[in-house]
Amino acid sequence: AELSDGYDPEGARAVGHKIDTATSAMVFADSNVTVRAFRTIHGPLQDTYAYRFESEDRTVVFTGDGGPYHKNIVAAAKDADILVAEAVTEANIQHAPWGGDTVEEKKREIFRYHFSPAVLARIANEARVKMIVLSHEQNYNNGRDYDPLGIVKEIRAAGFNGVIHS
């Protein structure tokens, strides 16, 4: 299938399937792993999911892009060994190049699509996640005061005390 930017690598293929659930559904299982999809919220998009991969000895959850707090993400991440999630700085959101002109506009718009550090910490704590692995970090800054661990520090300040990899 051709991608939206027109780039069509030879042999690329994506196979989608309908997940008809308001909460979660098993989408794959074999002798090694069970995969469940959990409906999430990502702005106005209707079909966005977090995926929970369970094997005999560990559970890994991928949230994909986040958004506001959602009980289905907590359910997906319940007692996970690893939660792979994204986050956007709140402390430096004024430097985001999108989302509005004021800090309030940026927070309202950006956090419809992505987790704030406080929301991610809340989800991880409620789900009793052992470890967060950050992906798709949006650590906006002014270019002079960049802190590569800025989002990690914000998640810690919001109350998550488990392991965080950035």
Side-chain angles (χ1 to χ4, degrees), residues 16-93 95-96 99 103-104 106-141 146-166:
H17 50 276
K18 181 85 170 135
I19 303 172
D20 189 19
T21 181
T23 56
S24 70
M26 185 173 63
V27 294
F28 178 82
D30 67 13
S31 61
N32 297 309
V33 67
T34 299
V35 182
R36 295 187 64 81
F38 289 76
R39 188 176 292 277
T40 63
I41 297 172
H42 184 60
L45 301 176
Q46 292 182 344
D47 296 317
T48 60
Y49 299 91
Y51 291 91
R52 179 181 178 93
F53 296 78
E54 295 181 24
S55 70
E56 185 176 297
D57 61 344
R58 70 185 51 118
T59 298
V60 178
V61 175
F62 291 84
T63 67
D65 276 346
Y69 171 88
H70 195 284
K71 64 184 180 187
N72 285 354
I73 297 173
V74 175
K78 184 172 175 31
D79 298 318
D81 297 291
I82 300 171
L83 175 63
V84 181
E86 57 85 38
V88 176
T89 179
E90 187 166 356
N92 290 315
I93 202 163
H95 300 295
V103 168
E104 287 69 31
K106 288 176 187 284
K107 284 182 181 181
R108 186 172 43 253
E109 184 65 9
I110 292 171
F111 294 143
R112 290 176 60 219
Y113 294 92
H114 301 287
F115 294 131
S116 70
V119 166
L120 181 54
R122 177 182 175 191
I123 289 166
N125 283 330
E126 287 183 17
R128 296 184 305 274
V129 167
K130 295 175 185 73
M131 176 189 304
I132 294 173
V133 174
L134 292 173
S135 64
H136 187 39
E137 295 176 55
Q138 296 175 63
N139 193 3
Y140 300 117
N141 63 83
Y146 174 67
D147 181 354
L149 296 177
I151 293 176
V152 171
K153 291 174 182 176
E154 288 183 61
I155 295 167
R156 288 254 181 263
F160 181 73
N161 294 316
V163 176
I164 304 173
H165 290 282
S166 170

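Rounded to the nearest 0.5 Å, atoms CZ (F115) and CD1 (I155) are 10.5 Å apart. In this structure, CZ in R52 is found 10.5 Å from CG in L83, a value given to the nearest 0.5 Å. Expressed to the nearest 0.5 Å, how far CD1 of I151 lies from CG of L120 amounts to 9.5 Å. Distance check, rounded to the nearest 0.5 Å: CD1 of I164 to CZ of R156 gives 4.0 Å. Distance check, rounded to the nearest 0.5 Å: CD1 of I41 to NE2 of H70 gives 4.0 Å.
When all heavy atoms of G43 and Y113 are compared, the pair lying nearest together is CA-CE2, 3.7 Å. The minimum heavy-atom distance linking V61 with A77 is given by the pair CG2-CA, 3.9 Å. Considering all non-hydrogen atoms of both residues, S135 and V84 come closest at OG-CG1, 3.9 Å. Summarising the geometry of H114 relative to V88, their closest heavy-atom pair is CB-CG2, 3.3 Å, with the distance given to 0.1 Å. The minimum heavy-atom distance linking A91 with E154 is given by the pair N-OE1, 3.1 Å. Heavy atoms only, all atoms of each residue included: G159 and N125 are closest at O-ND2, 3.1 Å.
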Report, one line per pair, each donor and acceptor closer than 3.5 Å where one atom sits in a side chain of residues 21-28; sequence neighbours left out.
from : atom 1 : to  : atom 2 : distance (Å)
T21  : OG1    : T23 : N      : 3.1
T21  : OG1    : S24 : N      : 3.2
T21  : OG1    : S24 : O      : 3.1
S24  : OG     : R36 : NH2    : 3.0

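The backbone N or O of T59 lies less than 3.5 Å from a partner atom in the side chain of D81, making a donor-acceptor pair. Distance alone, capped at 3.5 Å, places no donor-acceptor pair between the E56 side chain and the N32 backbone. At distances below 3.5 Å, not a single donor-acceptor pair connects side-chain atoms of N72 with backbone N or O atoms of F38. Remark: side-chain polar atoms of E137 are not paired, donor with acceptor, to backbone N or O of S166 under 3.5 angstrom.
Checking I110, N139, D147, N141 one by one against T89, the side chain to side chain contact (heavy atoms under 4.5 Å, CB included) holds for a single residue, N139.
Partners of T48 by side chain to side chain contact (heavy atoms under 4.5 Å, CB included), not counting sequence neighbours, listed by chain and number: T40, H42, L45. Evaluation of the side chain to side chain donor-acceptor pair (under 3.5 Å) rule for R112 yields E109 as partners, not counting sequence neighbours. Partners of R128 according to the side chain to side chain donor-acceptor pair (under 3.5 Å) rule, which considers only residues two or more places apart in sequence or in another chain, are D79. Scored by the salt bridge (Lys or Arg N to Asp or Glu O under 4.0 Å) test, E90 finds K107 as partners (sequence neighbours excluded). Looking at residues two or more places apart in sequence or on another chain, you find a ring-ring contact (aromatic ring centres under 6.0 Å, His included) between F62 and F53.
Side-chain contact between I132 and F160: present, with at least one pair of heavy atoms (C-beta onward) separated by less than 4.5 Å. Counting heavy atoms from C-beta outward, D47 and R39 have side chains that approach closer than 4.5 Å.
Side-chain polar atoms of Y69 and E126 form a donor-acceptor pair below 3.5 angstrom.
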